Amino acid sequence: MAHTAPFWPEPEPLDPLTAPVPRYGTGSLADLLPAVVAGQGLPGVTTDMELAPADRACVFLIDGLGWELLRAHPDEAPFLTSLLGTSLNGTGQPLTAGFPATTATSLASVGTGLPPGAHGLPGYTCEDPATGALMNQLRWRPWTDPHVWQPYPTVFQLADAAGIHTCQVSAPDFAQTPLTRIALSGGTFHGRLSGEERMDLAAEQLAAGDRSLVYTYYSEVDGKGHRYGVDSDAWRGQLLYVDRLAQRLAEQLPPRSALYITADHGMIDIPFDPDSRIDFDEDWELRAGVRLLGGEGRARHVYAHPGAAADVLTVWREVVGDQMWVASREEAIAAGWFGQDVDDRVRARIGDVVAAAHADMAIIASEREPGESQMVGLHGSMTPVEQLVPLLEVRT
């Protein structure tokens, strides 16, 4: 009797239309400040997300503190955990960060009140169509004019012009960065080194006006997650620390205030094995026809050589399509990954192919991106652990 080898069907690629698109317009980071300033009487900034009005509002953004990470660590964050029920106007629900779920994109969404397709920072790195160079939008390299790259006013600038006392309290190094200038400027920047100093000054500035809008920021939860992972003692120590900072600020709020505690993305630890970390620089199939590799490990912009976009899309779907949502530029835009509309100036910044991780994996690039490829904790995609962020609230 003849024996035949078992038949194992090829895995079906994920349909990009099944990706959980951020809730732009109703519950994303881009809706936060428009909802806040609407409650302060600022005209002309609209969103369908509603928050209870407050004369004085402070946004405390904790870099890397995703909703699922917070819920998984109640012992390290007792104060923040006690506020989970207040999230998103008392619904106990999270916000979505936006795609990709990465710092430069999310901070631009927060500050401008616009989704990535409008503000034009569609990833950690993306192509500058004017030069053909791959631009790092967090470090702003190579240089390009910030206000040409992102021409819209920030919500902080609009609030300041309307007579709302407006300021940012952050690390001194951020005072003049291009990202601050095009995403977070407006009013006065106050640089303070320690977290405690930032919390105390944020509370003072909140009380300095009858209507106030204050933004403050802490980065090291994200930093320790990238370096050591979100399963590390170093990361847990930072969560303990930032929990105390949030409580310190909440206890100093002046009357008629609302404190909103949020984040720019979550994070996931990716194992260091060849199946979990596919190395673009060593994979001839993924490299074929590719001119530039942008984005980051879990949210890739892939720029094809002229005439090769369709072939690149086909190959990426064949190689990683069962682990990533792989879309053409047109499919990603039509599906709303970057918002309802994408400005003409932004379209060519988006990859010919866009790949967002669904599985616990990443496309690293050991030669092109040696530092990023060694990070333990990663983010960028539309999975809940990366995409969902809290909007915790304390009121006086």
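All values reported here derive from a predicted model rather than from experimental measurement. Counting begins at 1 with the first residue of the sequence.
For Glu197, the CD atom counts as densely surrounded, since its 6.0 Å shell holds more than 12 non-hydrogen atoms of other residues, nucleotides or ligands. Residue Arg141 qualifies as open at atom CZ: its count of foreign heavy atoms under 6.0 Å is 12 or below. Surrounding CG of Asp15 are more than 12 heavy atoms belonging to other residues, nucleotides or ligands, all under 6.0 Å away. Other residues, nucleotides and ligands place no more than 12 heavy atoms under 6.0 Å from the CZ atom of Arg227. The 12-atom threshold is exceeded at CG of Asp283, counting heavy atoms of other residues, nucleotides or ligands nearer than 6.0 Å. No more than 12 heavy-atom neighbours from other residues, nucleotides or ligands sit within 6.0 angstrom of CG on Asp233. Remark: Gln176 CD is loosely packed, at most 12 non-hydrogen atoms of other residues, nucleotides or ligands lying under 6.0 Å away.
The two residues Pro115 and Ala30 have their closest heavy-atom pair at N-CB, 4.0 Å. Nearest approach of Thr166 to Asp160, heavy atoms of both residues: OG1-N, 3.5 Å. Shortest non-hydrogen contact noted between Gly132 and Glu127 is CA-OE2, 3.4 Å. Here the closest non-hydrogen pair linking Gly111 and Leu184 is CA-CD2, 4.3 Å.
Taken together through direct or relayed side-chain contacts under 4.5 Å among Ile, Leu, Val, Met, Phe, Trp and Tyr, Phe174 and Tyr124 form part of one hydrophobic cluster. Placement of Leu292 and Leu286 in two distinct hydrophobic clusters is found when ILVMFWY residues are connected by side-chain heavy-atom separations under 4.5 Å, directly or transitively. A single hydrophobic cluster is not seen to contain both Leu391 and Trp67; linkage of ILVMFWY side chains at heavy-atom distances under 4.5 Å, directly or through other members, places them apart. A single hydrophobic cluster is seen to contain both Leu33 and Val389, as judged by linkage of ILVMFWY side chains at heavy-atom distances under 4.5 Å, directly or through other members. When hydrophobic clusters are built by joining Ile, Leu, Val, Met, Phe, Trp and Tyr residues whose side-chain heavy atoms come closer than 4.5 Å, directly or via intermediates, Leu70 is not grouped with Leu29.
His265 and His379 have parallel rings, their planes meeting at less than 30° on a 0 to 90° scale where 60° marks the start of perpendicular.
Atom OG1 in Thr154 sits 6.5 Å away from atom CG in Leu158 (nearest 0.5 Å). The distance from atom CG of Leu239 to atom CD1 of Ile62, rounded to the nearest 0.5 Å, is 8.0 Å.
With sequence neighbours left out, the side chain to side chain donor-acceptor pair (under 3.5 Å) criterion links Glu369 to Arg300. Residues meeting the side chain to side chain donor-acceptor pair (under 3.5 Å) test with Gln238, sequence neighbours left out: Tyr218.
Looking at Ser87 and Glu393, their side chains never bring a donor and an acceptor atom within 3.5 Å of each other. Side chains of His358 and Ser381: a donor-acceptor N/O pair is absent below 3.5 angstrom, by distance only. Side chains of Gln168 and His190: a donor-acceptor N/O pair is absent below 3.5 angstrom, by distance only. Checked by atom type, the side-chain pair Thr26/Asp48 shows no donor-acceptor distance below 3.5 Å. A donor and an acceptor atom, one from each side chain of Thr102 and Glu296, are located under 3.5 Å apart. Side chain to side chain, Trp140 and Thr177 fail the donor-acceptor criterion of an N or O pair below 3.5 Å.
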Checking side-chain hydrogen bond (donor to acceptor under 3.5 Å, both in side chains) for the pair Asp31/Ser28: CA distance, chi angles, key distance, verdict? CA-CA 5 Å; Asp31 302 297; Ser28 77; 2.9 Å; yes
Assess whether side-chain hydrogen bond (donor to acceptor under 3.5 Å, both in side chains) is satisfied between Tyr152 and Asp343, documenting all intermediate values. CA-CA 12 Å; Tyr152 293 104; Asp343 285 7; 2.6 Å; yes
Evaluate His119 against Ser109 for side-chain hydrogen bond (donor to acceptor under 3.5 Å, both in side chains), listing each step before the verdict. CA-CA 7 Å; His119 63 60; Ser109 293; 3.0 Å; yes
Test side-chain hydrogen bond (donor to acceptor under 3.5 Å, both in side chains) on Gln137 and Thr125 and set out the steps. CA-CA 6 Å; Gln137 297 188 107; Thr125 62; over 6 Å; no
After noting the C-alpha distance and the side-chain angles of Asp231 and Arg236, does the key distance pass the side chain to side chain contact (heavy atoms under 4.5 Å, CB included) rule? CA-CA 8 Å; Asp231 195 34; Arg236 292 189 181 93; 3.0 Å; yes
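Under the 6.0 Å cut-off for aromatic ring centres, Phe99 and Phe338 qualify, their centroids lying closer than that.
Panel note: side chain Thr96, backbone Pro22; no donor-acceptor pair is recorded below 3.5 Å. No side-chain donor-acceptor contact under 3.5 Å links Gln205 to the backbone of Cys167. A donor-acceptor pair under 3.5 Å is formed between the side chain of Arg329 and the backbone N or O of Arg347. Remark: side-chain polar atoms of His226 are paired, donor with acceptor, to backbone N or O of Gly377 under 3.5 angstrom. Listed for the Asp269 side chain is a donor-acceptor partner under 3.5 Å among the backbone atoms of Val230. In this structure, the side chain of Thr396 engages the main chain of Ser257 through a donor-acceptor pair within 3.5 Å. In this structure, Asp128 contributes its side chain and Ala133 its backbone to no donor-acceptor pair below 3.5 Å. Between the Ser373 side chain and the Pro370 main chain, no donor and acceptor come within less than 3.5 Å of each other. Side-chain atoms of Ser276 do not come within 3.5 Å of backbone N or O of Phe272 as any donor-acceptor pair. With hydrogens and angles disregarded, no donor-acceptor distance shorter than 3.5 Å links the side chain of Arg192 to the backbone of Val169.
Results of the side-chain hydrogen bond (donor to acceptor under 3.5 Å, both in side chains) test with Tyr241 over Glu220, Lys224, Glu196, Glu76 single out Glu196 as the only residue that passes. Each of Thr262, Leu392, Val394, Val242 was compared with Phe60 under the side-chain contact (heavy atoms from CB on, under 4.5 Å) criterion, and only Val242 meets it.
Stacking of Arg349 on the aromatic ring of Trp149 is recorded, both the 6.0 Å distance cut-off and the 45° axial limit being met. At least one cation-pi condition fails for Arg244 and Phe79: the charged atom is not both under 6.0 angstrom from the six-membered ring centre and inside a 45 degree cone around its axis.
A salt bridge links Arg248 to Asp200: at least one charged side-chain nitrogen sits closer than 4.0 Å to a carboxylate oxygen. Checked for salt-bridge contact, Arg317 and Glu331 meet the test: a charged N lies under 4.0 Å from a carboxylate O.
Two residues are said to be in side-chain contact when any heavy atoms from C-beta on lie closer than 4.5 Å; Asp145 and His147 meet this criterion. Contact annotation: the side chain of Leu134 never approaches that of Cys126 to less than 4.5 Å [non-hydrogen atoms, C-beta and beyond]. Using a 4.5 Å heavy-atom cutoff, the side chains of Leu388 and Leu95 are not in contact. Within the 4.5 Å cutoff, the side chain of Met361 has heavy atoms near those of the Met324 side chain. When side chains are defined from C-beta on, Trp235 does not count as touching Asp222, because their heavy atoms never get closer than 4.5 Å. Here the side chains of Asp63 and Tyr217 are in contact, with some heavy-atom distance below 4.5 Å. Looking only at side-chain heavy atoms (C-beta outward), Arg298 and Thr383 come within less than 4.5 Å of each other. Between Ile270 and Arg277, some side-chain heavy-atom pair lies under the 4.5 Å cut-off.
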